[in-house]
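Below: the structure, in structure tokens.
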Amino acid sequence: MKERKDKFQTDSGIDIKRVYDPQDRDAEMPGEFPYTRGVHTHGYRSRLWTMRQYAGFSTAEASNERYHYLLNQGVSGLSVAFDLPTQIGYDSDHELSEGEVGKVGVAIDSIRDMEVLFKGIKLQDVSTSMTINATGFILLSLYATLAKRQGADISQLRGTIQNDILKEYAARGTYIYPPQPSMKIITDVFEYCSKEMPKWNTISISGYHIREAGSTAVQELAFTLANGKAYLQAAIKRGLDINVFAKRLSFFFNAHNNFFEEIAKFRAARRMWAKITKELGATEDRAMMLRFHTQTGGSTLTAQQPLNNITRVTLQAMAAALGGTQSLHTNGYDEALSLPTEEAARTALRSQQIIAFESGATDTVDPLAGSHFVESLTDELEQKAFEYIEKIDAMGGAVSATEEGYIQNEIAAAAYEYQKNIENGKQIIVGINKFEIEEEAPESLFRIDDSIRQVQTAKLEKLRAERNSSEVEAILASLKDKAKAGENIMPVVMDAVDKEASLGEISDVLRGIYGEYRA
């Protein structure tokens, strides 16, 4: 494999080997089962991680402007945030959308919004990650339909939808349907993409939100992989080949401040997933490899002394790089106060670029291998996480454990303990419970006003006036029939978004079939 440089050296001219073999341990090498040391033989020497910056706010027009800015600053992949109504299947003009349109992400109601969101961006030329779960199948359909309209071959599209509904019940709350029909929709996506979009990552199993809800690193590892195991089992039950669909599964982890524990967590995750997939019948290497995106810890950022967050984010990003991430988003230093400004987003991206090009951390594979501390932590994290997974398996798996509230209760207990330690001073947070200063209220915060809802409502009125209403009614009736019959709904959803049915209309049809989940 071609490497990025002819020769890798320190600043003093010392040659750097591709890999350093830890003499006192088994001779496991990068790119070999169980992949503790990484899934690629050459690590970052041949290709750096994909540098993403998570963005999406207000309208599709405003978000599109930010995407072009980030692409010009050197990001190598887009990462889309959607507003709450989009996440839970309501159009912007629905009464429950009031006060939330465009606030924590971009509002997407139809294919017309999607066209504006990616205006001037050829979807076949970029990798796009979309943080969307309950309506993930609709956003994927919108994306693929737009790509077709651009003249792209959708079999060549690269990217990821999060599509991880189990963690929504346990940690985040943006679910619509009950667990069983939600799992059915997810396996519909697996099946459809395995045939039509083989390069697309059909799920990003997320530990990120589990950690943001207050879990420990061990719990993040255990609950994420337990959810992953449940998705594998559901797909196998559907008759899908694990050696095909498991290659398109990816993971999404958090990076917090405990530097060495985070590195060990990433190493343990790869080894554990290799064992889990092999146990369930995987025989091909790529089906056993855990590939993951990392985002630095939003919950670790402080509104007090926000410039301190640049240091936190850099530490977390370095841990992700040393842990072998395939993709990385770094948070803006002002995100505890508002949506990130352009300056904060650029500074966050520069942190990744400095690590990649100036630190030397990317010149050898798994540089901390053989460290007694890191190797021991890797082993301990694996052991404790598997203990959790064994308990979850005894309950009937992650779906049952979630329905019983076990995972939620474990996260809540960990969050309570952590907050208690901050309040009693056992856990030092710089600027919060130690080294505080008098501060003035910050200026130049990035805010979204409520007028966005009126903008989106006007767009929806225009859409409904101009589209072929009889075609939309017919395709929504067909969706209802397919869902009732238990058929794969992805082909009809693709047709529905192409005929300009809205996200809320599609979601409402399925609400009528599946019902809504109540915690």
Does atom [atom1] ([X]) have a neighbourhood of more than 12 heavy atoms from anything else shown, all under 6.0 Å?
X      : atom1 : result
Lys184 : NZ    : yes
Tyr416 : OH    : no
Arg47  : CZ    : no
Lys5   : NZ    : yes

Inset, instruction - Check whether the ring centres of Trp200 and Tyr143 lie less than 6.0 Å apart, and answer yes or no. - result: yes
Inset, instruction - Check whether the ring centres of Phe260 and Phe373 lie less than 6.0 Å apart, and answer yes or no. - result: yes
Does a salt bridge link [X] with [Y], judged by any charged N lying under 4.0 Å from a carboxylate O?
X      : Y      : value
Lys420 : Glu423 : no
Arg271 : Asp379 : yes
Arg18  : Asp363 : no
Glu284 : Lys278 : no
Glu382 : Arg267 : no
Glu32  : Arg37  : no

Backbone of [Y] reached by a side-chain donor or acceptor of [X] within 3.5 Å:
X      : Y      : result
Glu212 : Ser299 : yes
Gln316 : Gly297 : yes
Glu168 : Thr174 : yes
Asp334 : Thr341 : yes
Glu439 : Gln304 : no
Thr216 : Gln219 : yes
Thr325 : Ala321 : no
Thr86  : Phe82  : no
Asn488 : Met490 : yes
Gln305 : Phe435 : yes

Legend entry - Verdict with supporting geometry, Phe253 and Tyr208, ring-ring contact (aromatic ring centres under 6.0 Å, His included): CA-CA 5 Å; Phe253 287 114; Tyr208 183 84; over 10 Å; no
For [Y], does the six-membered ring have the charged nitrogen or CZ of [X] within the cation-pi criterion, i.e. under 6.0 angstrom from the centroid and within 45° of the normal?
X      : Y      : value
Lys391 : Tyr406 : no
Arg45  : Phe8   : yes
Arg511 : Tyr90  : yes

With side chains defined as the heavy atoms from C-beta onward, is the minimum distance between [X] and [Y] less than 4.5 Å?
X      : Y      : value
Val218 : Glu220 : no
Ile210 : Asn227 : yes
Leu290 : Tyr35  : no
Arg518 : Glu516 : yes
Phe259 : Leu322 : yes
Gln353 : Met51  : yes
Ser250 : Thr160 : yes
Thr311 : Asn308 : no

Looking at every non-hydrogen atom in both residues, tell me the closest pair between [X] and [Y] and how far apart they are.
X      : Y      : value
Val80  : Val106 : CG1-CG1, 4.1 Å
Ala348 : Thr330 : O-OG1, 2.7 Å
Ala222 : Ile389 : O-CG1, 3.6 Å
Leu78  : Arg52  : O-NH1, 2.8 Å
Tyr514 : Pro178 : O-CD, 3.5 Å
Thr128 : Val126 : OG1-CG2, 3.6 Å

Report the distance from atom [atom1] of [X] to atom [atom2] of [Y], rounding to the nearest 0.5 Å.
X      : Y      : atom1 : atom2 : answer
Ile205 : Tyr231 : CD1   : OH    : 7.0 Å
Ser76  : Leu70  : OG    : CG    : 11.0 Å
Arg291 : Arg248 : CZ    : CZ    : 5.0 Å
Met272 : Thr36  : CE    : OG1   : 11.5 Å
Phe266 : Asp366 : CZ    : CG    : 13.0 Å
Leu139 : Ile132 : CG    : CD1   : 4.5 Å

Inset, instruction - Would you please test Glu387 and Lys384 for salt bridge (Lys or Arg N to Asp or Glu O under 4.0 Å) and show each step? - result: CA-CA 5 Å; Glu387 287 172 5; Lys384 291 181 182 298; 5.5 Å; no
Would you say the side-chain atoms of [X] and [Y] include a donor-acceptor pair closer than 3.5 Å?
X      : Y      : answer
Thr300 : Arg312 : no
Asn331 : Gln295 : yes
Glu3   : His42  : yes
Arg172 : Ser206 : no
Asn163 : Ser204 : no

Legend entry - Thr135/Leu503 under side chain to side chain contact (heavy atoms under 4.5 Å, CB included): CA gap, chis, key distance, verdict: CA-CA 8 Å; Thr135 56; Leu503 174 136; 4.2 Å; yes
Inset, instruction - Check the angle between the aromatic planes of Tyr44 and Trp49 and answer parallel, tilted or perpendicular using the 30° and 60° thresholds. - result: perpendicular
Inset, instruction - Applying side chain to side chain contact (heavy atoms under 4.5 Å, CB included) between Ser182 and each of Leu510, Val399, Ile165, report the one that passes. - result: Ile165
Inset, instruction - In sequence, state the C-alpha distance, the side-chain angles, and the governing distance for Phe251 and Phe292, and then conclude on ring-ring contact (aromatic ring centres under 6.0 Å, His included). - result: CA-CA 4 Å; Phe251 287 80; Phe292 67 99; 8.6 Å; no
Inset, instruction - Could you please spell out the steps behind the side-chain hydrogen bond (donor to acceptor under 3.5 Å, both in side chains) verdict for Glu343 and Tyr333? - result: CA-CA 9 Å; Glu343 179 190 47; Tyr333 63 81; 2.7 Å; yes
